[in-house]
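What follows is one structure encoded as structure tokens, with my remarks underneath.
The sequence lines fix the lettering, A, B, ..., with proteins before strands; numbering per chain opens at 1.
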Amino acid sequence: MIYVIGNEVNYINIRSSTIEDMVDYFSGKDEIGFDTETTGFDPYTCNLLSYQLGDSHNQFVVDANQYPINIIEDLLKKKLLIIHNAKFDLKFLYHNDIYPTRIWDTYLGECVLHKGDKSVRKGLDATLSRYTIYSLNKSIRGVIHREGFTERVIRYAAEDTEYLGLIKAFQISKLKQYDLMRSMDLENEFVKVLTFIEYSGIKLDKDLWTRKIIQNEKDYKESLDELNNWIIDNNLVKYIDTQLDLFDDTKSTTISWSSPTQVVELFKSLGINTQVPDEKNGGFKDSVEANVLEKQIDKSPIIPIYLKYKQQEKLLSTYGKAVLDKINPATGRIHTQFTQIMDTGRLSSGGKMGDQETMNIQNIPRLPDKDDRIDGYIYERECFVPEESNVFINADYSGQEQVVFANWTKDPDLIAFYKSNLGDMHSFIASKIFPKLKDVPLKRIKEEYKEERQIAKSAGFAINYGGDGNTIADNLNLPKERGEEIYNSYFKAFPGVSEYFKKATAQALRDGYILFNDISKSKCFISFINKYREKEKIVNSPGFWEKYREEKKLNSDLYKYTLKPDVSSYFKLRGNISRMALNYPIQGSSSEVTKIACIHIYNYILDNDLMDVVKFPNVIHDEVLLECPKHMGETMKKIVEDCMERAGNVYCKIVPLKAEASICNFWNH
DNA sequence: ATCTGTAGCGCC
DNA sequence: AAAGGGCGCTACAGAT
């Protein structure tokens, strides 16, 4: 039965009711299906129209204008709320100072159960159809704003809460089957925090940002002029604009410098090699990306000018005027949208929230090292600031993924490095892969063997992400053989890493998913596992390789069009799985550590009644940004560090994760 | 005029 | 045999 509170109705199976009756009905129950209808996505500028509470027997649709949601605060705080995409509804509750404690988010349930498969639709309707024969009519969505509490609006609003308990039950059974309940618990806890982060937003100093744009425009024009003048000075007539302008006798060029296609053509004519391997077809393609050109910096003086231009262009486009439009008129702050569960469990930021464009707040350019900063130059992160009477607490884990890596691989030398607090990691790897540095103190390596250290840094990085000798050679512009040597000496130096790599790959190939760790048991399902198994079956069939070698010798059509593509795709898929198996557990477990840290911080804020005082402007993978009144700075700094290290201790039992926080007046990281 | 895919590059 | 993990945004280029 559907009940409406706040409007007199009498339709078939729809009755009028009262708040008291509704509260009475749910007081004996532990969980409530919950949903809201609003005028839009932003809690600061939009309003709550109705809220619905329901289970499989009864649903209550309440007119929020007549009955402000605060009157059921007690219910919302005490019961388990089952919500599809809770972040949206929670934001409106937070806006009314209601902070529920127990959430089951059926949307996140789907994300946990189908992590790795983007093709799975996770909306409420799609979710319901996955588990039951029921389906929803979503065409009504948004109509409530226009037509009010009509019969069809009431029916569909009620329907959204009717099946949530059922979906939850199906999800629990699936989650248990895959041993994913702890992973789900983590996400259900974290969604409350992520809501708070989005709700908090981050303040952008508008004037400073505007000055930054002016500065970028000036730099941009200068490098653009430099580019064009170089063409004119070198009299590359093909690219010089010959069209006369009666009012302007300065020459210009016909090149659109932000077009890679056009720049490729020019650079080729200057003898610059633009060929890079094309992953898609195994052949080659043209590219003028920075890492291709940097290796050929001596080939033409135009290269450094072009690279500088590209940098300025980026600062002016992605980090230019559009950012100012993202400032919320009500709060004066930028409120992004986070996606809570990507394939590795990491967050992402940006995209559209309804018809509202948000921005990625996780890729704002970093401040250069202090020594490299230019006096008076305005850097992006300097423009992100706390409110007048506040300070930022900016904290990050030192070497989060590296430390998780050491704990996961259990490599004795890596562990020894951290345990003895030897100092610089890259110097340590250098000492392991260069025999001549075996007995040189790490401090000396860092200062005197910069080249070796750089090689070690690049090699360690590539290997962590599943790269190999070829990757190393390519990165460092070395011969293939040298890259191979470095690769091999790395594994010789760290046998535990090699062992771990083998085990991780074997597990993934066996199970068809990547197991992140034994604490949360989080998993990413390999969406293309069946495709891999098909190819595996082919290459493992009796006599396949004999046939392959034979046909290869003949270079037959069978080889060219069947055997070769099969083998190629087999190794390609296997390589992909292998790299996922190496990287996902490190990246995914690290993200869980950060999520738990954020939960601790959030709970501290909530337990100490600081929701109106402390803000949580951002989280960037291994880094958190808090905002609090100046006088609380020292306390919050310690709290944040403590929360982060406590979270780290859950996952990193051998080598602990250390967190460092600082108090600052802008995003100083 | 509007949509889609790609190249390139910002962050961790 | 192929050859570095995870994201999102902006410009261009080609298509509709």
* Of His621(A) and Lys572(A), the one whose closest DNA chain C nucleotide lies more 5' ->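 Looking at the nearest nucleotide for each, Lys572(A) comes out on the 5' side.
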* Let me know, please, whether Phe461(A) or Ser349(A) comes out on the 5' side of the other along DNA chain C by nearest nucleotide. =>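 In this pair, the answer is Phe461(A).
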* Given dG8(B), is OP1 or OP2 found less than 4.0 Å from the side-chain N or O atoms of Ser287(A)? ->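 Affirmative; the distance criterion is met.
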Looking for any heavy atom pair under 4.0 Å, which part of the strands does [X] touch: base, sugar-phosphate only, or nothing?
{"X": "Thr471(A)", "answer": "base"}
{"X": "Asn475(A)", "answer": "base"}
{"X": "Leu347(A)", "answer": "nothing"}
{"X": "Gly469(A)", "answer": "nothing"}
{"X": "Asp468(A)", "answer": "base"}

* Asked: On a whole-Å scale, what distance lies between the C1' atoms belonging to dC9(B) and dG4(C)?
  ->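 Here dC9(B) and dG4(C) have their C1' atoms 16 Å from each other.
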* Whole-angstrom distance between dA3(C) and dA7(B), as gauged at atom P ->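 My reading of the P atoms in dA3(C) and dA7(B) gives 15 Å.
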* To do: State yes or no: are the ring centers of Phe384(A) and Phe666(A) separated by less than 6.0 Å?
  =>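 They do not qualify: ring centres at least 6.0 Å apart.
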* Aromatic ring proximity Phe528(A)/Tyr532(A), centre distance under 6.0 Å ->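 No, too far apart.
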* **Name of the residue among His669(A), Glu382(A), Glu380(A) meeting side chain to side chain contact (heavy atoms under 4.5 Å, CB included) with Leu367(A)** =>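 For Leu367(A), the side chain to side chain contact (heavy atoms under 4.5 Å, CB included) check succeeds only for Glu382(A).
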* Contacts of type side chain to side chain contact (heavy atoms under 4.5 Å, CB included), residue Thr261(A), not counting sequence neighbours ->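 Only Ser259(A) meet the side chain to side chain contact (heavy atoms under 4.5 Å, CB included) criterion with Thr261(A).
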* DNA chain C-proximal residues of residues 573-600 of chain A, any heavy atom under 4.0 Å ->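 Per residue number, the list reads Arg579(A), Asn583(A), Tyr584(A), Gln587(A).
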* For residues 537-552 of chain A, which residues have at least one heavy atom under 4.0 Å from DNA chain C? ->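 Residues of residues 537-552 of chain A under 4.0 Å from DNA chain C: Tyr548(A), Lys552(A).
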Between side-chain atoms of residues 540-551 of chain A and protein atoms elsewhere (two or more places apart, or another chain), which donor-acceptor pairs fall under 3.5 Å?
residue, atom, partner, partner atom, Å
Ser541(A), OG, Ile538(A), O, 2.7
Trp545(A), NE1, Val539(A), O, 3.1
Glu551(A), OE1, Ser556(A), OG, 2.5

Please write out the pairs of protein N or O atoms and N or O atoms of nucleotides 13-16 of chain C separated by less than 3.5 Å, giving the distance to one decimal.
residue, atom, partner, partner atom, Å
dA13(C), OP1, Ser259(A), OG, 2.2

* Asked: Which residue pairs pass the side chain to side chain donor-acceptor pair (under 3.5 Å) test when at least one of the two sits in residues 474-486 of chain A, sequence neighbours left out?
  ->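 Applying side chain to side chain donor-acceptor pair (under 3.5 Å) to every pair that reaches into residues 474-486 of chain A, excluding sequence neighbours, yields Arg482(A)-Glu485(A).
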* Starting from the C-alpha separation in whole Å, work towards a yes-or-no answer on side chain to side chain contact (heavy atoms under 4.5 Å, CB included) for Tyr107(A) and Glu110(A). => CA-CA 5 Å; Tyr107(A) 165 73; Glu110(A) 293 311 285; 5.6 Å; no
* Thr318(A) side-chain proximity, nearest of dT10(C), dC12(B), dG8(C) ->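 Nearest listed nucleotide: dT10(C).
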* Exercise: do Asn228(A) and Thr253(A) side chains pair donor with acceptor under 3.5 Å ->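 A pair is found: one side chain offers a donor N or O, the other an acceptor, under 3.5 Å apart.
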* State whether a side-chain donor-acceptor pair under 3.5 Å links Asn618(A) with Trp667(A). =>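 No, Trp667(A) and Asn618(A) have no side-chain donor paired with an acceptor closer than 3.5 Å.
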Would [X] and [Y] pass as an ion pair if we require N to O under 4.0 Å?
{"X": "Lys595(A)", "Y": "Glu592(A)", "answer": "no"}
{"X": "Lys658(A)", "Y": "Glu645(A)", "answer": "no"}
{"X": "Lys115(A)", "Y": "Asp343(A)", "answer": "no"}

* Asked: Is the aromatic ring centre of Tyr465(A) closer than 5.5 Å to the centre of the six-membered base ring of dG5(C), with the two planes inclined by less than 30°?
  ->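 Stack criterion met.
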